[in-house]
A.B. asks: 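Got a structure for you, written out below as structure tokens; questions coming shortly.
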Amino acid sequence: MKRVSRSIAGPDPTCIGDTAQILSLKKRKIAPEFVSLHTMASEVEEIKNKIAESGLVSIDLKDFYLKGERVIIDMKDHLFEGLILKEKDFRAFVKAEDWTKYQNKFVTITSTADAIIPTWAYMLITTELQPYAKKVVCGTPETMETILFHETIAAKLQPEQYKDKRVMIKGCGDVEIPVSAFSEATTLLKPYVKSIMYGEACSNVPIYKSRSESV
């Protein structure tokens with residue numbers, strides 16, 4: 001059985017400064033990885049201080065993500081031979097289906113088939129879902145997220161609270177955010193703020209500056 005050696009990332013010995021640091025650490029019997037973690041923590045704290053000193057207000061759009069189960073109804077599953085939607089058969093399905101299972105869910109009605117789906121079919125399913133689902137959207141899962149973000153940002157951002165502020169809209173995160181959400185937030189904020197930036201305090205792109213800010 002082969003052993004796999006694992007190393008913990010520390011200072012880069014190819015750098016003169018890091019080599020000197022390692023020698024110094026060896027004399028004091030301090031592990032390089034400890035200093036690496038300490039350095040990382042110091043850098044994070046430095047970034048936080050820069051944000052505070054600059055007067056930047058950070059907005060993370062992931063805070064506008066609506067939690068809840070997403071489900072998809074694919075009209076492809078109700079086509080005759082994958083080509084045609086028969087009204088009689090489709091109405092029978094609608095009548096027999098237990099629509100309560102979509103209670104409090106975000107439902108996307110879509111079609112992954114290369115076939116023409118009549119508009120009334122989407123409408124028929126929507127009428128059954130309406131009493132139970134949190135939201136019903138005809139389109140793609142991406143369409144659903146775009147609409148949810150737009151509605152939530154419009155309802156909860158309250159752009160007037162950022163009047164005369166310098167705003168940083170965060171660009172990195174663990175939630176996938178539609179590009180349109182960033183556009184929506186920018187549109188709502190622009191009439192109130194002094195400036196808008198995108199990214200992080202350590203690396204950002206200027207988006208907008210008011211005339212007073214540019215002077």
A.B. asks: Under the 3.5 angstrom rule, does the side chain of Ser203 hit a backbone N or O of Glu200 as a donor-acceptor pair?
C.D. replies: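 Not confirmed, Ser203 side chain does not pair with Glu200 backbone.
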A.B. asks: Should Leu61 and Val193 be regarded as members of a common hydrophobic cluster, given that ILVMFWY residues are connected when their side-chain heavy atoms come within less than 4.5 Å of each other, either directly or indirectly?
C.D. replies: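 They do share one cluster, since a chain of ILVMFWY contacts under 4.5 Å joins Leu61 to Val193.
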A.B. asks: Taking the side chain as every heavy atom from C-beta outward, state whether Asp89 and Phe93 have any atom pair closer than 4.5 Å.
C.D. replies: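 Answer no - side chains too far apart.
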A.B. asks: Grab the two heavy atoms, one from Ala115 and one from Gly82, that are nearest each other, plus how far apart they are.
C.D. replies: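 Scanning both residues, the minimum pair turns out to be CB-O, 4.4 Å.
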A.B. asks: My understanding is that only residues two or more places apart in sequence, or in another chain, count here; which of them pass side chain to side chain contact (heavy atoms under 4.5 Å, CB included) with Ile84?
C.D. replies: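 Expected list: none.
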A.B. asks: So, does Lys105 use its side chain to make a donor-acceptor pair with the main chain of Lys101 at under 3.5 Å?
C.D. replies: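 Pair found, side chain donor or acceptor close to backbone of Lys101.
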A.B. asks: To the nearest 0.5 Å, tell me how far Met168 CE sits from Leu56 CG.
C.D. replies: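 Met168 CE to Leu56 CG: 5.0 Å, rounded to 0.5 Å.
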A.B. asks: Test side-chain contact (heavy atoms from CB on, under 4.5 Å) on Ile73 and Leu129 and set out the steps.
C.D. replies: CA-CA 11 Å; Ile73 295 177; Leu129 288 169; 4.0 Å; yes
A.B. asks: Identify the two heavy atoms, one from His78 and one from Phe90, that lie closest to each other, and give their separation to 0.1 Å.
C.D. replies: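 His78 and Phe90 have their closest heavy atoms at CB-CD1, 3.9 Å.
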A.B. asks: Could you report the tightest heavy-atom contact between Leu79 and Ala113, atom names first, then the distance?
C.D. replies: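 What the structure gives for the nearest pair is CD1-CB, 3.7 Å.
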A.B. asks: Would a hydrophobic clustering, with Ile, Leu, Val, Met, Phe, Trp and Tyr connected at side-chain separations under 4.5 Å, put Phe149 with Val137?
C.D. replies: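 No, separate clusters.
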A.B. asks: Is Ile153 reachable from Met144 through a run of I, L, V, M, F, W or Y residues, each pair having side-chain heavy atoms under 4.5 Å apart?
C.D. replies: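 Looking at the clustering, Ile153 is in a separate group from Met144.
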A.B. asks: Which atom pair, heavy atoms only, marks the closest approach of Tyr122 to Ser111?
C.D. replies: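 For Tyr122 versus Ser111, the nearest heavy atoms are OH-CB, 3.8 Å.
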A.B. asks: Within the distance-only criterion (no hydrogens, no angle test), does the side chain of Asp74 pair as donor or acceptor with the backbone N or O of Thr112 below 3.5 angstrom?
C.D. replies: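 Yes, Asp74 side chain to Thr112 backbone: donor-acceptor pair under 3.5 Å.
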A.B. asks: Are there more than 12 heavy atoms of other residues, nucleotides or ligands under 6.0 Å from atom CD of Gln161?
C.D. replies: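 For Gln161, atom CD is crowded (more than 12 foreign heavy atoms under 6.0 Å).
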A.B. asks: Counting N and O atoms only, with roles assigned by atom type, does the side chain of Ser195 sit under 3.5 Å from a partner on the main chain of Lys209, one being a donor and the other an acceptor?
C.D. replies: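 Side chain of Ser195 to backbone of Lys209: no pair is present.
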A.B. asks: So, taking the atom named CD1 in Ile116 and the one named CG in Leu83, what distance separates them when rounded to the nearest 0.5 Å?
C.D. replies: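 Here the interatomic distance stands at 11.0 Å.
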A.B. asks: Sequence neighbours left out, what passes ring-ring contact (aromatic ring centres under 6.0 Å, His included) with Tyr102? Give chain and number order.
C.D. replies: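 Expected list: Trp99.
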A.B. asks: Check the surroundings of atom NZ in Lys165: do more than 12 heavy atoms from other residues, nucleotides or ligands lie under 6.0 Å from it?
C.D. replies: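 Not buried by this count: 12 neighbours or fewer within 6.0 Å.
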A.B. asks: Just do the side-chain contact (heavy atoms from CB on, under 4.5 Å) check on Leu85 and Trp120 with the steps written out, would you?
C.D. replies: CA-CA 11 Å; Leu85 188 140; Trp120 59 260; 3.6 Å; yes
A.B. asks: Would Arg70 and Glu145 count as a side-chain contact (heavy atoms from CB on, under 4.5 Å) if you check the C-alpha gap in whole Å, the side-chain angles of each, and the deciding distance to 0.1 Å?
C.D. replies: CA-CA 10 Å; Arg70 273 74 164 157; Glu145 296 307 327; 2.8 Å; yes
A.B. asks: What's the verdict on side-chain contact (heavy atoms from CB on, under 4.5 Å) for Leu157 and Ile59, showing C-alpha distance, side-chain angles and the deciding distance?
C.D. replies: CA-CA 9 Å; Leu157 181 60; Ile59 296 177; 4.2 Å; yes
A.B. asks: Using 30° and 60° as the class boundaries, would you call the ring planes of Phe182 and Tyr198 parallel, tilted or perpendicular?
C.D. replies: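 Rings of Phe182 and Tyr198: perpendicular, over 60°.
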A.B. asks: Is Tyr162 reachable from Phe64 through a run of hydrophobic residues whose side-chain heavy atoms are each under 4.5 Å from the next?
C.D. replies: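 Yes, one cluster joins them.
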A.B. asks: Can you get from Leu188 to Val57 by hopping between Ile, Leu, Val, Met, Phe, Trp and Tyr side chains that sit under 4.5 Å apart?
C.D. replies: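 Leu188 clusters together with Val57.
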A.B. asks: Looking at Thr146, Leu148, Ile147, which one forms a side chain to side chain contact (heavy atoms under 4.5 Å, CB included) with His150?
C.D. replies: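 Among the candidates, only Thr146 passes.
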A.B. asks: Sorted by first residue and then second, give each salt bridge (charged side-chain N to carboxylate O under 4.0 Å, His left out) pair with at least one member in residues 151-160; sequence neighbours left out.
C.D. replies: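 Passing the test, one end in residues 151-160: Lys135-Glu151.
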A.B. asks: Can you tell me if Thr108 uses its side chain to pair, donor with acceptor, with the backbone of Ile72 under 3.5 Å?
C.D. replies: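 Answer holds: no.
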A.B. asks: Quick one: pull up NZ in Lys194 and OH in Tyr208 and give me the separation to the nearest 0.5 Å.
C.D. replies: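 With rounding to 0.5 Å, NZ (Lys194) is 11.5 Å from OH (Tyr208).
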A.B. asks: Hydrogens and angles aside, do Thr143 and Thr140 bring a side-chain donor and acceptor to less than 3.5 Å of each other?
C.D. replies: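 Yes, side-chain donor-acceptor contact under 3.5 Å.
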